[in-house]
Amino acid sequence: MTIKDVVKYLCGAPIIFAGPGLPARYCGVPDYYNLLRHFAVCSYNNNEYAMTYYSMEARLPKDSSMEEICHASARLIERDYTLKCLHEHGSSYESEEDVLGNLDRGLTPFRYDLAAYLNTFSMVKEQRRDEYDLLRSLCGSNISGFITTNYDSILESLAPDYKCFFGRKDIISKPIPDTEFIYKILGSSEKPDSIIITDDDFRRFNERSFWVADRILQLFFKHPIVFMGFGSLDDAYRIISWVARGLDSEFWSMFNEQIAVVKLDEKASDPVVETTTLLCDDWTNGIELHNITLSDYSQLYRELAAVRRI
């Protein structure tokens, strides 16, 4: 099977589910761990081993995942970074009421500066310019929308005419269209107080995340989905499983061959396309996915140019 064959199976223009590898590839945006590490160093006397210190201070069980450790560390980094900023720059705030008001609504100096830092990554790498421009040319007719867990604004620069939504509140309060949208699940650097980054943030998000998963599931019903920019296939599989958890597995046959997971391997001489069956928990039926391995995304983009929104 070839990439062209996979695109033929897809019913209409897909939604791109973008992982952290996409903005990293085009603009050098740091992933979640390295983003935290940058602010850990700033918070802890510019010590290059600061992230290790915060990981230890989190005092989590030894069998905790790296994701859990990072979430807990983020809370501690936010605490120390905020205290450091208030100590060093407190006189620059208009009043104590302004400071307390911002803190009360979640806009700490940490989140404000994190968003500002992410927004500095706006220049496209010259060696990726052709591939980036090819993706940009697909927005409108060949890509229905974007979903992402990233905070940065690279997708907005790719598709400036797409309407942007972020967080759980937008899912509840605003009707997200079926096409020409960007949905940022964990918040946006354009609105720092929307960013979900600490363990407390994720705890609150997970308590009510069924609203988010349900809306994304509706989009899965209406469009094929292409996962891109994830470090491993398992990262994409976890998201699919999270979205699917409220749906009886017998219905997942409707999505067979309508989800593709793309992995980059710059050493790959030719694209490799495989079909695999994803099974989760107590599912009696799985879902057939396309796994695509290629050396650069332009190989996929050129095929998607032949697809139009239905």
Side-chain angles (χ1 to χ4, degrees), residues 1-10 12-32 34-35 118-162 164 179-184 188-190 223-233 235-236 239 258-274 289-309:
M1 183 179 287
T2 65
I3 296 177
K4 178 177 277 190
D5 295 328
V6 172
V7 171
K8 285 181 179 178
Y9 277 112
L10 302 180
I15 290 172
I16 302 296
F17 205 123
L22 207 64
R25 181 172 177 80
Y26 296 135
C27 299
V29 179
D31 61 15
Y32 179 75
N34 285 300
L35 180 62
L118 285 173
N119 288 338
T120 65
F121 294 91
S122 58
M123 295 295 292
V124 178
K125 297 176 183 178
E126 195 57 40
Q127 67 268 34
R128 305 295 181 203
R129 170 59 68 177
D130 289 345
E131 187 181 291
Y132 174 90
D133 287 344
L134 185 54
L135 175 58
R136 199 171 192 271
S137 71
L138 297 177
C139 298
S141 299
N142 310 100
I143 293 176
S144 293
F146 293 92
I147 303 173
T148 187
T149 54
N150 303 332
Y151 311 121
D152 60 81
S153 56
I154 304 305
L155 293 179
E156 290 93 317
S157 67
L158 276 167
D161 295 330
Y162 284 23
C164 191
T179 59
E180 297 194 3
F181 68 90
I182 300 169
Y183 179 51
K184 305 173 83 169
S188 172
S189 61
E190 298 302 316
H223 303 280
I225 310 293
V226 176
F227 285 81
M228 299 172 55
F230 290 89
S232 71
L233 298 178
D235 292 336
I239 292 175
Q258 292 303 299
I259 298 178
V261 181
V262 182
K263 183 179 179 181
L264 277 182
D265 181 357
E266 294 187 351
K267 296 180 180 179
S269 56
D270 296 301
V272 177
V273 179
E274 300 174 325
L289 310 173
H290 298 292
N291 287 334
I292 303 173
T293 302
L294 35 71
S295 59
D296 68 84
Y297 288 133
S298 62
Q299 297 168 295
L300 173 65
Y301 298 159
R302 283 192 289 268
E303 298 299 340
L304 287 178
V307 179
R308 292 290 185 272
R309 289 209 307 261

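In what follows, every heavy atom counts, from backbone to side chain, and hydrogens, waters and symmetry copies are set aside.
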Would you give the length of the straight line joining atom [atom1] of [X] to atom [atom2] of [Y], rounded to the nearest 0.5 angstrom?
X: Gln258; Y: Leu10; atom1: CD; atom2: CG; result: 5.5 Å
X: Asp296; Y: Leu134; atom1: CG; atom2: CG; result: 9.5 Å
X: Leu304; Y: Leu135; atom1: CG; atom2: CG; result: 9.0 Å
X: Leu138; Y: Ile16; atom1: CG; atom2: CD1; result: 8.0 Å
X: Ser137; Y: Leu158; atom1: OG; atom2: CG; result: 10.0 Å
X: Thr149; Y: Lys184; atom1: OG1; atom2: NZ; result: 11.0 Å

Verdict with supporting geometry, Lys8 and Met1, side chain to side chain contact (heavy atoms under 4.5 Å, CB included): CA-CA 11 Å; Lys8 285 181 179 178; Met1 183 179 287; over 6 Å; no

Kindly indicate, with the supporting measurements, whether the criterion side chain to side chain contact (heavy atoms under 4.5 Å, CB included) is fulfilled by Asp265 and Leu294. CA-CA 6 Å; Asp265 181 357; Leu294 35 71; over 6 Å; no

Residues forming a ring-ring contact (aromatic ring centres under 6.0 Å, His included) with Phe230, sequence neighbours excluded: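 ring-ring contact (aromatic ring centres under 6.0 Å, His included) list for Phe230, sorted by chain: Phe227.
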
With sequence neighbours left out, write down each residue that passes ring-ring contact (aromatic ring centres under 6.0 Å, His included) with Phe181, or none if nothing qualifies. none

If I compare all heavy atoms of [X] with all of [Y], which pair ends up nearest, and what's the gap?
X: Ile182; Y: Tyr162; value: CG1-CB, 3.9 Å
X: Ser144; Y: Ile15; value: CB-CG1, 4.1 Å
X: Val273; Y: Ile3; value: CG2-N, 3.9 Å
X: Pro20; Y: Asp31; value: CB-CB, 4.3 Å
X: Pro30; Y: Leu35; value: CB-N, 4.0 Å
X: Ala260; Y: Val6; value: CB-CG1, 4.4 Å

Kindly state each residue pair satisfying salt bridge (charged side-chain N to carboxylate O under 4.0 Å, His left out) with at least one member in residues 18-28, sequence neighbours excluded.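 Residue pairs with at least one partner in residues 18-28: Arg25-Glu131, Arg25-Glu266.
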
Can any side-chain N or O of [X] pair as donor or acceptor with the backbone N or O of [Y] at less than 3.5 Å?
X: Asn291; Y: Val262; value: no
X: Thr2; Y: Asp5; value: yes
X: Asp152; Y: Leu118; value: no

Answer whether the closest heavy-atom distance between the side chains of Val29 and Ile154 falls below 4.5 Å. yes

Please determine whether the number of non-hydrogen atoms from other residues, nucleotides or ligands lying under 6.0 Å from atom OH of Tyr32 exceeds 12.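 Enclosed: over 12 neighbouring heavy atoms sit under 6.0 Å from OH of Tyr32.
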
Heavy-atom neighbours of Lys125 NZ exceed 12 at 6.0 Å: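 More than 12 within 6.0 Å, yes.
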
Salt bridge between Lys263 and Glu274, side-chain N to carboxylate O under 4.0 Å? no

With ring-ring contact (aromatic ring centres under 6.0 Å, His included) as the rule and sequence neighbours excluded, what pairs involving residues 121-156 come up? Tyr26-Tyr132, Tyr117-Phe121

Mind checking what makes salt bridge (charged side-chain N to carboxylate O under 4.0 Å, His left out) contact with Glu303, not counting sequence neighbours?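 For Glu303 there are no salt bridge (charged side-chain N to carboxylate O under 4.0 Å, His left out) partners, ignoring immediate neighbours.
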
Can you tell me which residue among Leu22, Ile259, Ile239 is in a side chain to side chain contact (heavy atoms under 4.5 Å, CB included) with Phe17?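 The side chain to side chain contact (heavy atoms under 4.5 Å, CB included) with Phe17 is passed solely by Ile239 among Leu22, Ile259, Ile239.
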
Stepwise, does the side-chain hydrogen bond (donor to acceptor under 3.5 Å, both in side chains) test hold for Asn119 with Ser189? CA-CA 7 Å; Asn119 288 338; Ser189 61; 2.8 Å; yes

Residues at least two apart in sequence or cross-chain that pass side chain to side chain donor-acceptor pair (under 3.5 Å) with Ser295, listed by chain then number, are Gln299

